[in-house]
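Let me begin by presenting the structure, written as structure tokens, before commenting on it.
Remember, it's a predicted structure, so these values are computed and weren't measured experimentally.
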Amino acid sequence: QVQLVESGGGLVQAGGSLRLSCAASGRTFSVYAMAWFRQAPGKEREFVALIRWSGGSTDYADSVKNRFTISRDNAKNTMHLQMNSLKPEDTAVYYCAASYSTIKLVEWERYNYWGQGTQVDVSS
């Protein structure tokens, strides 16, 4: 089992920044990748960014490229999402997830563990 706990959400004005964190505990040694997904009211859960735990390579959704940066601290089993130039359309509940899979990692169904989510609200 892997436990994930997010923190860092909140309310920010458009153009502002927030930093989300995800602390992982438990049997993390088998995790291949971790990711952030988000879900806005009435919309499907969507991929935001992922990081492969061993090599550190990353992928981003087109909608957040050049604005968001995902990173990890292996020693602390912690992942971060630095969100800059936030837009109202970034408003959502943001979820941290961990996967044993090595393929199709933009698909939420590939993830084995999820955090409880943290709310991000961006006002215009």
Side-chain angles (χ1 to χ4, degrees):
Q1 290 286 343
V2 174
Q3 295 78 40
L4 303 172
V5 179
E6 301 101 333
S7 60
L11 173 63
V12 65
Q13 288 189 330
S17 298
L18 280 175
R19 187 176 189 238
L20 305 183
S21 296
C22 175
S25 60
R27 300 173 67 84
T28 59
F29 57 87
S30 296
V31 170
Y32 177 77
M34 292 184 66
W36 292 96
F37 287 77
R38 66 187 182 186
Q39 189 165 19
K43 294 189 177 181
E44 293 186 354
R45 189 169 299 191
E46 66 171 350
F47 168 74
V48 175
L50 71 88
I51 187 163
R52 295 166 182 82
W53 210 244
S54 179
S57 62
T58 59
D59 290 307
Y60 294 92
D62 288 343
S63 59
V64 306
K65 276 181 183 176
N66 302 316
R67 298 191 299 124
F68 291 9
T69 302
I70 191 170
S71 62
R72 94 279 195 224
D73 183 335
N74 284 22
K76 296 182 178 179
N77 280 342
T78 302
M79 178 177 67
H80 304 285
L81 185 69
Q82 178 66 42
M83 304 186 295
N84 298 329
S85 302
L86 281 161
K87 304 175 182 180
E89 51 263 44
D90 293 319
T91 293
V93 177
Y94 283 70
Y95 296 93
C96 167
S99 177
Y100 298 139
S101 177
T102 61
I103 60 172
K104 299 182 179 181
L105 289 169
V106 299
E107 299 176 2
W108 67 266
E109 296 91 341
R110 293 287 173 170
Y111 288 78
N112 305 93
Y113 301 101
W114 293 84
Q116 79 287 355
T118 185
Q119 180 71 46
V120 171
D121 290 299
V122 184
S123 62
S124 57

Side chains of M83 and L20: does their closest heavy-atom pair fall under 4.5 Å?
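Yes, their side chains come closer than 4.5 Å.
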A side-chain contact here means heavy atoms from C-beta on lying under 4.5 Å apart; do V64 and R38 qualify?
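The answer is yes, as the side chains (C-beta and beyond) meet within the 4.5 Å cut-off.
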Under-4.0 Å salt bridge between K87 and D90:
no
Spacing of [atom1] belonging to [X] relative to [atom2] belonging to [Y], to within rounding of 0.5 Å:
| X | Y | atom1 | atom2 | answer |
| --- | --- | --- | --- | --- |
| N77 | M34 | CG | CE | 8.0 Å |
| L50 | W36 | CG | CH2 | 13.0 Å |
| D73 | M79 | CG | CE | 12.5 Å |
| S99 | E107 | OG | CD | 10.5 Å |
| Q82 | I70 | CD | CD1 | 12.0 Å |
| S101 | N112 | OG | CG | 8.0 Å |

T91/D121 under side-chain hydrogen bond (donor to acceptor under 3.5 Å, both in side chains): CA gap, chis, key distance, verdict
CA-CA 5 Å; T91 293; D121 290 299; 4.6 Å; no
Should the heavy atoms of other residues, nucleotides or ligands under 6.0 Å from CD of Q116 be counted, would the total exceed 12?
yes
Q1 atom CD: more than 12 heavy-atom contacts under 6.0 Å
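Count not over threshold, so no.
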Write down the atom of [X], the atom of [Y], and the distance for their closest heavy-atom approach.
| X | Y | value |
| --- | --- | --- |
| T118 | S7 | OG1-C, 4.5 Å |
| D62 | K65 | OD1-NZ, 3.2 Å |
| A92 | Q119 | O-NE2, 3.4 Å |

Would you please test V93 and R45 for side-chain contact (heavy atoms from CB on, under 4.5 Å) and show each step?
CA-CA 9 Å; V93 177; R45 189 169 299 191; over 6 Å; no
Among the clusters formed by ILVMFWY side chains lying less than 4.5 Å apart, do [X] and [Y] turn up in the same one?
| X | Y | value |
| --- | --- | --- |
| I51 | V106 | no |
| V12 | F68 | yes |
| L105 | W53 | no |
| L81 | L4 | yes |

As a quick check of understanding, evaluate side-chain contact (heavy atoms from CB on, under 4.5 Å) for Q39 and W108, giving each step before the final call.
CA-CA 11 Å; Q39 189 165 19; W108 67 266; over 6 Å; no
Within the distance-only criterion (no hydrogens, no angle test), does the side chain of [X] pair as donor or acceptor with the backbone N or O of [Y] below 3.5 angstrom?
| X | Y | answer |
| --- | --- | --- |
| E6 | G117 | yes |
| S124 | P88 | no |
| R72 | S54 | yes |

Among Y32, Y111, Y113, the one residue meeting side-chain hydrogen bond (donor to acceptor under 3.5 Å, both in side chains) with Y100
Y113
Assign the ring pair F37 / F47 to parallel, tilted or perpendicular, where the plane angle (0 to 90°) is split at 30° and 60°.
perpendicular
Apply side-chain contact (heavy atoms from CB on, under 4.5 Å) to the pair T102 and R52, showing each step before the final yes or no.
CA-CA 9 Å; T102 61; R52 295 166 182 82; over 6 Å; no
